[in-house]
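Let me begin by presenting the structure, written as C-alpha coordinates, before commenting on it.
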Amino acid sequence: MHGLINRSIQRFVCDGYGTETWEEVAARADLGLSGFESMLTYEDALTPRVLDAMAQVVGRPREELMEDLGTYLVTNPDFEAVRRLLRFGGVDFQDFLFSLDDLPDRARLAVSDLHLPGIELREHAAARFSLICEAPVVGFGHVMMGVLRVMADDYGTLALLEHTGSGQGFETLTIQLVMTDFAEGRHFELGAQVG
Amino acid sequence: MDNAIVDVLDVLCPMHLLVGPTGHITHAGPTIAKLRAEQSLIGQRFLEVFAINRPRAVASMQDLAANVRKKLHLELRDARRTSLKGIMVPLPEDPDSMILNLSFGISIVDAVRDYSLTNADFAATDLAIEMLYLVEAKTAAMAASRRLNMSLQGAKIAAEEQAFTDTLTGLKNRRAMDTVLARMIAGGGSFAVMHIDLDYFKAVNDTLGHAAGDHVLQEVARIMVDETRESDTVARVGGDEFTVILPNIAGYQTLQRVGERIIERLEVPVPFQGQECRISASIGTVWIRAGTPAQAEEVLADADVALYASKRAGRAQQTFYAPELRRAANAEGPPAGRDSRAG
(Lines give C-alpha, C1' and ligand atoms only; values in the text may rest on other atoms or scores of the structure.)
Protein backbone atom coordinates (compact mmCIF):
# COMPACT_ATOMS: atom_id res chain seq x y z
CA MET A 1 0.00 0.00 0.00
CA HIS A 2 1.20 3.49 -0.80
CA GLY A 3 3.39 5.34 1.68
CA LEU A 4 0.94 8.25 1.70
CA ILE A 5 -1.67 5.98 3.28
CA ASN A 6 0.73 4.25 5.65
CA ARG A 7 2.37 7.46 6.70
CA SER A 8 -0.94 9.14 7.47
CA ILE A 9 -1.74 6.25 9.80
CA GLN A 10 1.65 6.78 11.44
CA ARG A 11 1.04 10.52 11.77
CA PHE A 12 -2.40 9.85 13.23
CA VAL A 13 -0.89 7.63 15.93
CA CYS A 14 2.01 10.00 16.63
CA ASP A 15 -0.17 13.11 16.85
CA GLY A 16 -2.93 11.46 18.85
CA TYR A 17 -1.04 9.11 21.13
CA GLY A 18 2.63 10.11 21.00
CA THR A 19 5.76 8.88 19.30
CA GLU A 20 6.36 6.19 21.91
CA THR A 21 2.98 4.67 21.16
CA TRP A 22 3.86 4.62 17.47
CA GLU A 23 7.13 2.83 18.25
CA GLU A 24 5.16 0.24 20.19
CA VAL A 25 2.73 -0.15 17.27
CA ALA A 26 5.63 -0.51 14.81
CA ALA A 27 7.26 -3.15 17.03
CA ARG A 28 4.05 -5.08 17.57
CA ALA A 29 3.24 -5.00 13.85
CA ASP A 30 6.76 -6.31 13.24
CA LEU A 31 7.33 -3.58 10.67
CA GLY A 32 11.08 -3.91 10.51
CA LEU A 33 11.32 -0.17 9.99
CA SER A 34 10.90 2.78 12.30
CA GLY A 35 8.40 4.56 10.10
CA PHE A 36 6.93 5.07 6.65
CA GLU A 37 7.99 7.52 3.95
CA SER A 38 5.11 9.16 2.08
CA MET A 39 6.48 8.68 -1.39
CA LEU A 40 7.47 5.04 -1.25
CA THR A 41 5.28 1.98 -1.70
CA TYR A 42 5.08 -0.78 0.90
CA GLU A 43 3.94 -4.35 0.93
CA ASP A 44 0.12 -4.53 1.19
CA ALA A 45 0.24 -6.86 4.20
CA LEU A 46 1.88 -4.20 6.38
CA THR A 47 -1.15 -1.90 6.57
CA PRO A 48 -3.64 -4.28 8.22
CA ARG A 49 -0.90 -5.35 10.62
CA VAL A 50 -0.30 -1.76 11.64
CA LEU A 51 -4.03 -1.15 12.09
CA ASP A 52 -4.45 -4.26 14.24
CA ALA A 53 -1.42 -3.34 16.32
CA MET A 54 -2.74 0.20 16.70
CA ALA A 55 -6.08 -1.06 18.07
CA GLN A 56 -4.29 -3.37 20.51
CA VAL A 57 -1.76 -0.83 21.74
CA VAL A 58 -4.25 2.01 22.08
CA GLY A 59 -6.92 -0.32 23.49
CA ARG A 60 -9.83 0.94 21.42
CA PRO A 61 -12.03 -0.82 18.84
CA ARG A 62 -10.53 -0.74 15.40
CA GLU A 63 -13.67 0.68 13.70
CA GLU A 64 -13.69 3.60 16.08
CA LEU A 65 -10.02 4.32 15.40
CA MET A 66 -10.54 4.05 11.66
CA GLU A 67 -13.29 6.64 11.81
CA ASP A 68 -11.04 8.91 13.87
CA LEU A 69 -8.34 8.44 11.26
CA GLY A 70 -10.76 9.64 8.58
CA THR A 71 -11.64 12.68 10.67
CA TYR A 72 -7.98 13.38 11.33
CA LEU A 73 -7.13 13.30 7.61
CA VAL A 74 -9.49 16.14 6.76
CA THR A 75 -9.21 18.24 9.91
CA ASN A 76 -5.51 18.25 10.76
CA PRO A 77 -3.93 21.46 9.45
CA ASP A 78 -0.92 19.48 8.18
CA PHE A 79 -3.25 17.64 5.84
CA GLU A 80 -5.05 20.77 4.63
CA ALA A 81 -4.12 19.72 1.07
CA VAL A 82 -6.37 16.65 1.43
CA ARG A 83 -9.39 18.72 2.44
CA ARG A 84 -8.78 21.20 -0.35
CA LEU A 85 -8.33 18.53 -2.97
CA LEU A 86 -11.59 16.92 -1.86
CA ARG A 87 -13.36 20.28 -2.04
CA PHE A 88 -12.37 20.55 -5.69
CA GLY A 89 -14.83 17.71 -6.26
CA GLY A 90 -17.99 19.74 -5.92
CA VAL A 91 -19.65 23.05 -5.15
CA ASP A 92 -22.00 21.54 -2.56
CA PHE A 93 -22.06 18.36 -0.50
CA GLN A 94 -24.27 16.46 -2.91
CA ASP A 95 -22.06 17.47 -5.82
CA PHE A 96 -19.12 16.37 -3.72
CA LEU A 97 -20.73 12.97 -3.06
CA PHE A 98 -21.17 12.45 -6.80
CA SER A 99 -17.50 13.27 -7.32
CA LEU A 100 -16.43 10.39 -5.04
CA ASP A 101 -16.80 7.91 -7.92
CA ASP A 102 -13.86 9.72 -9.52
CA LEU A 103 -11.79 9.86 -6.36
CA PRO A 104 -9.39 6.99 -7.19
CA ASP A 105 -8.82 8.42 -10.68
CA ARG A 106 -8.23 11.88 -9.28
CA ALA A 107 -5.75 10.49 -6.79
CA ARG A 108 -3.92 8.66 -9.56
CA LEU A 109 -3.70 11.86 -11.60
CA ALA A 110 -1.81 13.44 -8.72
CA VAL A 111 0.37 10.48 -7.72
CA SER A 112 0.41 7.84 -10.43
CA ASP A 113 1.12 4.89 -8.13
CA LEU A 114 -1.44 5.84 -5.47
CA HIS A 115 -4.33 3.39 -5.72
CA LEU A 116 -7.30 4.30 -3.56
CA PRO A 117 -10.12 1.80 -3.06
CA GLY A 118 -13.02 2.17 -5.48
CA ILE A 119 -16.14 4.02 -4.27
CA GLU A 120 -19.58 4.02 -5.82
CA LEU A 121 -22.46 6.29 -4.88
CA ARG A 122 -26.03 5.13 -5.36
CA GLU A 123 -29.00 7.45 -5.09
CA HIS A 124 -32.09 5.78 -3.63
CA ALA A 125 -34.49 8.62 -3.07
CA ALA A 126 -34.18 12.36 -2.82
CA ALA A 127 -31.32 13.12 -0.44
CA ARG A 128 -30.82 9.44 0.37
CA PHE A 129 -27.72 7.66 -0.81
CA SER A 130 -25.63 4.66 -0.18
CA LEU A 131 -21.91 4.56 -0.68
CA ILE A 132 -20.38 1.22 -1.61
CA CYS A 133 -16.73 1.22 -0.61
CA GLU A 134 -14.27 -1.34 -1.79
CA ALA A 135 -12.42 -2.36 1.37
CA PRO A 136 -9.09 -4.04 0.67
CA VAL A 137 -8.37 -3.26 4.32
CA VAL A 138 -11.19 -4.03 6.75
CA GLY A 139 -12.64 -0.83 8.12
CA PHE A 140 -12.01 1.39 5.12
CA GLY A 141 -15.72 2.26 5.20
CA HIS A 142 -15.20 3.66 8.68
CA VAL A 143 -12.41 5.89 7.42
CA MET A 144 -14.83 7.21 4.78
CA MET A 145 -17.41 7.83 7.54
CA GLY A 146 -14.93 10.05 9.35
CA VAL A 147 -14.03 11.87 6.15
CA LEU A 148 -17.67 12.40 5.11
CA ARG A 149 -18.77 13.69 8.53
CA VAL A 150 -16.14 16.40 8.37
CA MET A 151 -16.80 17.21 4.73
CA ALA A 152 -20.55 17.57 5.41
CA ASP A 153 -19.66 20.12 8.11
CA ASP A 154 -17.25 21.74 5.72
CA TYR A 155 -20.07 22.30 3.23
CA GLY A 156 -22.47 23.35 5.99
CA THR A 157 -24.72 20.35 5.36
CA LEU A 158 -26.47 18.34 8.05
CA ALA A 159 -26.17 14.69 7.07
CA LEU A 160 -26.86 11.43 8.90
CA LEU A 161 -24.29 8.76 8.23
CA GLU A 162 -24.41 5.12 9.13
CA HIS A 163 -22.16 2.17 8.47
CA THR A 164 -24.68 -0.44 7.35
CA GLY A 165 -22.68 -3.50 6.69
CA SER A 166 -19.71 -5.21 5.20
CA GLY A 167 -18.97 -8.38 3.34
CA GLN A 168 -17.06 -9.79 0.40
CA GLY A 169 -14.55 -6.99 0.49
CA PHE A 170 -17.13 -4.20 0.40
CA GLU A 171 -18.50 -1.91 3.08
CA THR A 172 -21.65 0.16 2.79
CA LEU A 173 -22.53 3.53 4.24
CA THR A 174 -25.93 5.12 4.09
CA ILE A 175 -26.15 8.86 3.84
CA GLN A 176 -29.23 10.92 4.51
CA LEU A 177 -29.03 14.63 3.76
CA VAL A 178 -31.19 16.44 6.30
CA MET A 179 -30.46 20.08 5.62
CA THR A 180 -28.14 21.29 2.90
CA ASP A 181 -27.89 24.83 4.24
CA PHE A 182 -27.66 23.87 7.88
CA ALA A 183 -24.67 26.06 8.65
CA GLU A 184 -22.35 28.51 7.00
CA GLY A 185 -19.73 25.89 6.14
CA ARG A 186 -16.08 26.49 5.67
CA HIS A 187 -14.92 28.90 3.06
CA PHE A 188 -13.24 27.42 0.03
CA GLU A 189 -11.29 29.61 -2.32
CA LEU A 190 -10.16 27.95 -5.50
CA GLY A 191 -7.04 30.05 -5.76
CA ALA A 192 -5.88 29.79 -2.14
CA GLN A 193 -3.37 27.06 -2.68
CA VAL A 194 -1.70 25.63 0.37
CA GLY A 195 1.95 24.76 0.78
CA MET B 1 -29.21 39.20 -30.75
CA ASP B 2 -31.96 37.05 -29.34
CA ASN B 3 -32.02 37.09 -25.55
CA ALA B 4 -32.66 33.37 -25.36
CA ILE B 5 -29.45 32.71 -27.26
CA VAL B 6 -27.53 35.05 -24.96
CA ASP B 7 -28.84 33.09 -21.98
CA VAL B 8 -27.62 29.89 -23.58
CA LEU B 9 -24.23 31.40 -24.24
CA ASP B 10 -23.96 32.63 -20.66
CA VAL B 11 -24.24 29.02 -19.50
CA LEU B 12 -22.17 27.31 -22.18
CA CYS B 13 -19.49 29.99 -22.54
CA PRO B 14 -19.49 32.21 -19.45
CA MET B 15 -16.39 33.96 -20.79
CA HIS B 16 -17.80 35.17 -24.11
CA LEU B 17 -18.22 38.71 -25.44
CA LEU B 18 -20.47 40.10 -28.12
CA VAL B 19 -18.92 42.93 -30.13
CA GLY B 20 -21.11 45.11 -32.33
CA PRO B 21 -20.35 46.52 -35.79
CA THR B 22 -18.83 49.69 -34.26
CA GLY B 23 -16.34 47.67 -32.19
CA HIS B 24 -18.20 48.25 -28.92
CA ILE B 25 -18.92 45.44 -26.49
CA THR B 26 -22.65 44.76 -26.42
CA HIS B 27 -22.73 41.84 -24.02
CA ALA B 28 -20.31 40.12 -21.61
CA GLY B 29 -20.65 36.63 -20.19
CA PRO B 30 -20.88 36.47 -16.37
CA THR B 31 -17.30 35.31 -15.76
CA ILE B 32 -15.57 37.70 -18.15
CA ALA B 33 -17.64 40.50 -16.57
CA LYS B 34 -15.92 39.68 -13.24
CA LEU B 35 -12.57 40.67 -14.70
CA ARG B 36 -13.75 44.28 -14.80
CA ALA B 37 -15.94 44.32 -11.73
CA GLU B 38 -15.47 48.04 -11.07
CA GLN B 39 -16.61 49.08 -14.52
CA SER B 40 -19.10 47.42 -16.85
CA LEU B 41 -17.60 46.15 -20.08
CA ILE B 42 -20.76 46.90 -21.98
CA GLY B 43 -20.51 49.99 -24.17
CA GLN B 44 -16.72 50.05 -24.13
CA ARG B 45 -14.60 49.72 -27.24
CA PHE B 46 -13.33 46.18 -27.40
CA LEU B 47 -9.82 47.16 -28.56
CA GLU B 48 -9.51 49.71 -25.76
CA VAL B 49 -10.14 47.05 -23.13
CA PHE B 50 -8.15 44.23 -24.74
CA ALA B 51 -4.82 44.24 -26.56
CA ILE B 52 -4.32 41.62 -29.24
CA ASN B 53 -0.79 40.18 -28.95
CA ARG B 54 -1.13 37.60 -31.66
CA PRO B 55 -1.61 37.75 -34.54
CA ARG B 56 0.57 40.87 -34.57
CA ALA B 57 -0.60 44.25 -35.80
CA VAL B 58 -4.30 43.95 -35.10
CA ALA B 59 -5.24 47.58 -34.55
CA SER B 60 -8.74 47.90 -35.91
CA MET B 61 -11.95 45.95 -36.17
CA GLN B 62 -11.16 45.43 -39.88
CA ASP B 63 -7.88 43.74 -38.87
CA LEU B 64 -9.83 41.60 -36.45
CA ALA B 65 -12.41 40.65 -39.02
CA ALA B 66 -9.56 39.27 -41.10
CA ASN B 67 -8.65 36.97 -38.22
CA VAL B 68 -11.96 35.29 -37.47
CA ARG B 69 -11.90 31.59 -36.64
CA LYS B 70 -8.19 31.84 -35.68
CA LYS B 71 -6.66 31.51 -32.27
CA LEU B 72 -6.09 34.90 -30.68
CA HIS B 73 -3.72 35.78 -27.84
CA LEU B 74 -5.09 38.73 -25.89
CA GLU B 75 -4.29 40.68 -22.79
CA LEU B 76 -6.39 42.92 -20.57
CA ARG B 77 -5.17 46.51 -20.78
CA ASP B 78 -5.12 47.07 -17.04
CA ALA B 79 -2.67 46.65 -14.20
CA ARG B 80 -3.00 42.88 -13.99
CA ARG B 81 -2.47 42.38 -17.71
CA THR B 82 -4.22 39.02 -17.46
CA SER B 83 -3.50 37.04 -20.60
CA LEU B 84 -6.30 35.25 -22.39
CA LYS B 85 -6.83 33.02 -25.35
CA GLY B 86 -9.79 33.52 -27.62
CA ILE B 87 -11.54 32.76 -30.86
CA MET B 88 -13.87 35.07 -32.75
CA VAL B 89 -16.70 34.14 -35.08
CA PRO B 90 -19.14 36.47 -36.92
CA LEU B 91 -22.77 36.11 -35.90
CA PRO B 92 -24.68 34.18 -38.56
CA GLU B 93 -27.58 36.62 -38.83
CA ASP B 94 -25.43 39.74 -38.40
CA PRO B 95 -21.96 39.19 -39.94
CA ASP B 96 -20.70 42.62 -38.85
CA SER B 97 -21.09 41.60 -35.20
CA MET B 98 -18.72 39.17 -33.58
CA ILE B 99 -18.95 36.63 -30.85
CA LEU B 100 -15.66 36.11 -29.05
CA ASN B 101 -15.12 33.23 -26.65
CA LEU B 102 -12.27 33.59 -24.18
CA SER B 103 -10.34 31.37 -21.83
CA PHE B 104 -7.48 31.89 -19.38
CA GLY B 105 -5.18 29.26 -20.79
CA ILE B 106 -2.08 28.90 -18.70
CA SER B 107 -2.82 32.04 -16.65
CA ILE B 108 -5.68 30.16 -14.94
CA VAL B 109 -3.93 29.79 -11.57
CA ASP B 110 -3.22 33.50 -11.18
CA ALA B 111 -6.56 34.53 -12.62
CA VAL B 112 -8.57 32.41 -10.21
CA ARG B 113 -6.75 34.01 -7.31
CA ASP B 114 -6.74 37.56 -8.69
CA TYR B 115 -10.47 37.58 -9.43
CA SER B 116 -11.63 35.22 -6.63
CA LEU B 117 -13.30 32.91 -9.11
CA THR B 118 -15.21 29.82 -7.96
CA ASN B 119 -16.30 26.52 -9.51
CA ALA B 120 -19.54 28.20 -10.54
CA ASP B 121 -17.67 30.67 -12.75
CA PHE B 122 -16.64 27.96 -15.16
CA ALA B 123 -18.77 25.99 -17.58
CA ALA B 124 -19.49 22.50 -16.27
CA THR B 125 -17.55 21.10 -19.25
CA ASP B 126 -14.57 23.38 -18.74
CA LEU B 127 -11.44 21.58 -17.55
CA ALA B 128 -10.34 24.64 -15.54
CA ILE B 129 -11.24 23.09 -12.17
CA GLU B 130 -9.47 19.85 -13.04
CA MET B 131 -6.48 21.90 -14.09
CA LEU B 132 -6.43 23.75 -10.76
CA TYR B 133 -6.89 20.47 -8.94
CA LEU B 134 -3.93 19.00 -10.78
CA VAL B 135 -1.69 21.98 -10.13
CA GLU B 136 -2.47 21.79 -6.44
CA ALA B 137 -2.23 18.01 -6.21
CA LYS B 138 1.07 17.95 -8.07
CA THR B 139 2.47 20.68 -5.86
CA ALA B 140 1.56 18.68 -2.76
CA ALA B 141 3.01 15.49 -4.26
CA MET B 142 6.21 17.29 -5.23
CA ALA B 143 6.55 18.68 -1.70
CA ALA B 144 6.26 15.14 -0.32
CA SER B 145 8.84 13.90 -2.81
CA ARG B 146 11.15 16.73 -1.91
CA ARG B 147 10.88 15.82 1.78
CA LEU B 148 11.83 12.25 0.93
CA ASN B 149 14.74 13.41 -1.21
CA MET B 150 16.03 15.63 1.57
CA SER B 151 15.91 12.86 4.14
CA LEU B 152 17.60 10.41 1.76
CA GLN B 153 20.22 13.03 0.96
CA GLY B 154 20.88 13.53 4.67
CA ALA B 155 21.24 9.78 5.17
CA LYS B 156 23.55 9.54 2.18
CA ILE B 157 25.84 12.29 3.44
CA ALA B 158 25.99 10.65 6.88
CA ALA B 159 26.76 7.27 5.32
CA GLU B 160 29.45 8.71 3.10
CA GLU B 161 30.98 10.56 5.97
CA GLN B 162 31.02 7.35 7.97
CA ALA B 163 32.56 5.46 5.05
CA PHE B 164 35.42 7.98 4.93
CA THR B 165 36.02 8.34 8.66
CA ASP B 166 38.21 6.41 11.05
CA THR B 167 35.85 5.75 13.94
CA LEU B 168 38.45 5.69 16.74
CA THR B 169 40.13 9.01 15.97
CA GLY B 170 37.59 10.83 13.81
CA LEU B 171 40.34 11.31 11.21
CA LYS B 172 39.83 10.40 7.56
CA ASN B 173 40.50 6.75 6.70
CA ARG B 174 42.59 5.19 3.95
CA ARG B 175 39.72 5.32 1.49
CA ALA B 176 39.28 9.05 2.00
CA MET B 177 43.03 9.56 1.74
CA ASP B 178 43.13 7.70 -1.61
CA THR B 179 40.36 9.94 -2.92
CA VAL B 180 42.10 13.13 -1.82
CA LEU B 181 45.44 11.99 -3.23
CA ALA B 182 43.85 11.16 -6.59
CA ARG B 183 42.27 14.62 -6.62
CA MET B 184 45.62 16.27 -5.84
CA ILE B 185 47.37 14.41 -8.64
CA ALA B 186 44.60 15.23 -11.11
CA GLY B 187 44.76 18.90 -10.06
CA GLY B 188 48.40 19.12 -11.08
CA GLY B 189 49.33 21.61 -8.35
CA SER B 190 52.12 21.26 -5.81
CA PHE B 191 51.46 19.10 -2.76
CA ALA B 192 53.23 16.95 -0.22
CA VAL B 193 52.52 13.56 1.32
CA MET B 194 53.81 12.75 4.81
CA HIS B 195 53.84 9.20 6.07
CA ILE B 196 53.98 9.21 9.84
CA ASP B 197 54.64 6.04 11.80
CA LEU B 198 54.51 6.13 15.59
CA ASP B 199 57.63 4.98 17.39
CA TYR B 200 57.39 2.89 20.59
CA PHE B 201 53.61 2.69 20.25
CA LYS B 202 53.67 -1.09 20.43
CA ALA B 203 55.34 -0.80 23.84
CA VAL B 204 52.49 1.38 25.13
CA ASN B 205 49.93 -1.13 23.89
CA ASP B 206 51.84 -4.08 25.34
CA THR B 207 52.62 -2.62 28.76
CA LEU B 208 49.62 -0.35 29.48
CA GLY B 209 46.92 -2.09 27.47
CA HIS B 210 44.70 -1.28 24.51
CA ALA B 211 42.72 1.37 26.36
CA ALA B 212 45.94 3.34 26.84
CA GLY B 213 46.84 2.71 23.20
CA ASP B 214 43.46 4.00 22.00
CA HIS B 215 43.79 7.04 24.21
CA VAL B 216 47.25 7.79 22.77
CA LEU B 217 45.95 7.41 19.20
CA GLN B 218 43.21 9.93 19.92
CA GLU B 219 45.76 12.37 21.36
CA VAL B 220 48.01 11.83 18.33
CA ALA B 221 45.08 12.57 16.01
CA ARG B 222 44.30 15.78 17.88
CA ILE B 223 47.91 16.95 17.69
CA MET B 224 48.20 16.22 13.97
CA VAL B 225 45.00 18.14 13.24
CA ASP B 226 46.28 21.00 15.43
CA GLU B 227 49.61 21.17 13.66
CA THR B 228 48.21 21.15 10.14
CA ARG B 229 46.05 23.56 8.18
CA GLU B 230 42.33 23.30 7.53
CA SER B 231 43.05 22.43 3.90
CA ASP B 232 45.36 19.53 4.83
CA THR B 233 44.03 15.98 5.07
CA VAL B 234 45.04 13.87 8.05
CA ALA B 235 44.22 10.18 7.69
CA ARG B 236 44.81 7.14 9.86
CA VAL B 237 45.80 4.48 7.37
CA GLY B 238 46.88 1.67 9.68
CA GLY B 239 47.10 0.77 13.36
CA ASP B 240 49.73 3.40 14.18
CA GLU B 241 50.29 4.78 10.68
CA PHE B 242 49.12 8.14 9.50
CA THR B 243 49.22 9.99 6.20
CA VAL B 244 48.99 13.74 5.86
CA ILE B 245 48.35 15.33 2.47
CA LEU B 246 49.29 18.99 2.29
CA PRO B 247 48.25 20.96 -0.79
CA ASN B 248 49.99 24.15 -2.03
CA ILE B 249 53.40 23.63 -0.48
CA ALA B 250 55.95 26.29 -1.42
CA GLY B 251 59.13 24.59 -0.23
CA TYR B 252 60.91 22.17 2.06
CA GLN B 253 61.12 24.67 4.94
CA THR B 254 57.38 24.53 5.50
CA LEU B 255 57.38 20.74 5.53
CA GLN B 256 60.43 20.68 7.77
CA ARG B 257 58.66 22.93 10.29
CA VAL B 258 55.42 20.94 10.26
CA GLY B 259 57.30 17.66 10.71
CA GLU B 260 59.41 19.01 13.55
CA ARG B 261 56.41 20.38 15.41
CA ILE B 262 54.48 17.13 15.08
CA ILE B 263 57.39 15.06 16.39
CA GLU B 264 58.07 17.54 19.20
CA ARG B 265 54.49 17.49 20.38
CA LEU B 266 54.10 13.71 20.07
CA GLU B 267 57.10 13.29 22.34
CA VAL B 268 55.33 15.05 25.20
CA PRO B 269 54.28 12.15 27.49
CA VAL B 270 50.54 11.47 27.46
CA PRO B 271 49.16 10.78 30.96
CA PHE B 272 46.79 7.81 31.18
CA GLN B 273 45.37 6.56 34.51
CA GLY B 274 48.38 7.69 36.49
CA GLN B 275 50.89 6.34 33.97
CA GLU B 276 52.82 8.18 31.28
CA CYS B 277 52.72 7.02 27.71
CA ARG B 278 55.82 7.97 25.80
CA ILE B 279 55.99 7.77 22.03
CA SER B 280 57.62 9.55 19.14
CA ALA B 281 57.24 9.45 15.37
CA SER B 282 59.19 8.80 12.21
CA ILE B 283 58.20 10.69 9.11
CA GLY B 284 58.83 10.17 5.42
CA THR B 285 57.83 13.03 3.17
CA VAL B 286 57.43 13.44 -0.58
CA TRP B 287 57.06 16.85 -2.14
CA ILE B 288 55.49 16.95 -5.58
CA ARG B 289 56.11 20.21 -7.44
CA ALA B 290 53.39 21.76 -9.55
CA GLY B 291 53.11 20.20 -13.01
CA THR B 292 55.13 17.06 -12.15
CA PRO B 293 53.38 13.97 -13.46
CA ALA B 294 52.81 11.59 -10.57
CA GLN B 295 51.04 8.34 -9.76
CA ALA B 296 49.40 7.66 -6.46
CA GLU B 297 51.10 4.32 -5.87
CA GLU B 298 54.48 5.72 -6.68
CA VAL B 299 54.02 8.75 -4.41
CA LEU B 300 53.00 6.51 -1.51
CA ALA B 301 55.89 4.12 -2.17
CA ASP B 302 58.35 7.04 -2.22
CA ALA B 303 56.96 8.28 1.10
CA ASP B 304 57.45 4.77 2.48
CA VAL B 305 61.08 4.71 1.33
CA ALA B 306 61.69 8.06 3.06
CA LEU B 307 59.94 6.82 6.19
CA TYR B 308 62.12 3.72 6.23
CA ALA B 309 65.19 5.93 6.00
CA SER B 310 64.00 7.83 9.10
CA LYS B 311 63.52 4.57 10.99
CA ARG B 312 66.94 3.34 9.95
CA ALA B 313 68.60 6.57 10.97
CA GLY B 314 67.36 6.13 14.55
CA ARG B 315 63.66 7.19 14.47
CA ALA B 316 62.09 10.42 15.78
CA GLN B 317 62.95 12.33 12.64
CA GLN B 318 61.72 13.35 9.20
CA THR B 319 63.34 12.37 5.89
CA PHE B 320 62.52 13.83 2.48
CA TYR B 321 62.37 11.43 -0.38
CA ALA B 322 65.24 11.42 -2.88
CA PRO B 323 65.98 8.74 -5.51
CA GLU B 324 69.26 7.87 -3.75
CA LEU B 325 67.25 6.63 -0.77
CA ARG B 326 65.56 4.08 -2.95
CA ARG B 327 68.90 2.78 -4.21
CA ALA B 328 70.14 2.50 -0.62
CA ALA B 329 66.96 0.73 0.45
CA ASN B 330 67.15 -1.71 -2.48
CA ALA B 331 70.68 -2.58 -1.46
CA GLU B 332 69.45 -3.48 2.03
CA GLY B 333 66.22 -5.23 1.17
CA PRO B 334 62.62 -4.08 1.61
CA PRO B 335 61.61 -1.95 4.61
CA ALA B 336 60.44 -4.25 7.36
CA GLY B 337 57.02 -3.97 8.92
CA ARG B 338 55.67 -1.57 6.29
CA ASP B 339 53.99 -4.06 4.02
CA SER B 340 50.64 -4.20 5.80
CA ARG B 341 48.81 -1.79 3.50
CA ALA B 342 45.38 -3.19 4.31
CA GLY B 343 45.25 -1.69 7.84
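Each chain gets a letter, A, B and so on, in the order its sequence line appears, and its residues count up from 1. What you see below is based on every heavy atom in this structure, not just the backbone, and it leaves out hydrogens, waters and symmetry mates.
Of all heavy-atom pairs spanning Tyr133(B) and Phe88(A), the tightest one is N-CE2, 3.8 Å. Ala110(A) and Ala141(B) get closest at one heavy-atom pair: O-CB, 4.0 Å.
Distance check: Met39(A) CE to Ser151(B) OG gives 12.5 Å after rounding to the nearest 0.5 Å. Summarising the geometry, atom CZ belonging to Phe188(A) is positioned 6.5 Å from atom CG belonging to Asn119(B); distances are rounded to the nearest 0.5 Å.
Using non-hydrogen atoms only and a strict 4.5 Å limit, the part of residues 94-108 of chain A facing chain B consists of Arg106(A), Ala107(A).
Around CG of Leu33(A), the count of heavy atoms belonging to other residues, nucleotides or ligands within 6.0 Å exceeds 12. Counting heavy-atom neighbours within 6.0 Å of Glu38(B) CD, excluding the residue itself, gives a total above 12. Residue Lys85(B) qualifies as open at atom NZ: its count of foreign heavy atoms under 6.0 Å is 12 or below.
Residue Ile129(B) touches chain A through both its backbone and its side chain, counting heavy-atom pairs closer than 4.5 Å.
With hydrogens and angles ignored, the 3.5 Å screen pairs no side-chain donor or acceptor of Lys138(B) with any backbone N or O of Val111(A).
When each of Leu134(B), Asp110(B), Asp114(B) is scored by its heavy-atom pairs under 4.5 Å with chain A, the top score falls to Leu134(B).
Side chains of Leu40(A) and Leu148(B) form a contact here, defined as non-hydrogen atoms less than 4.5 Å apart.
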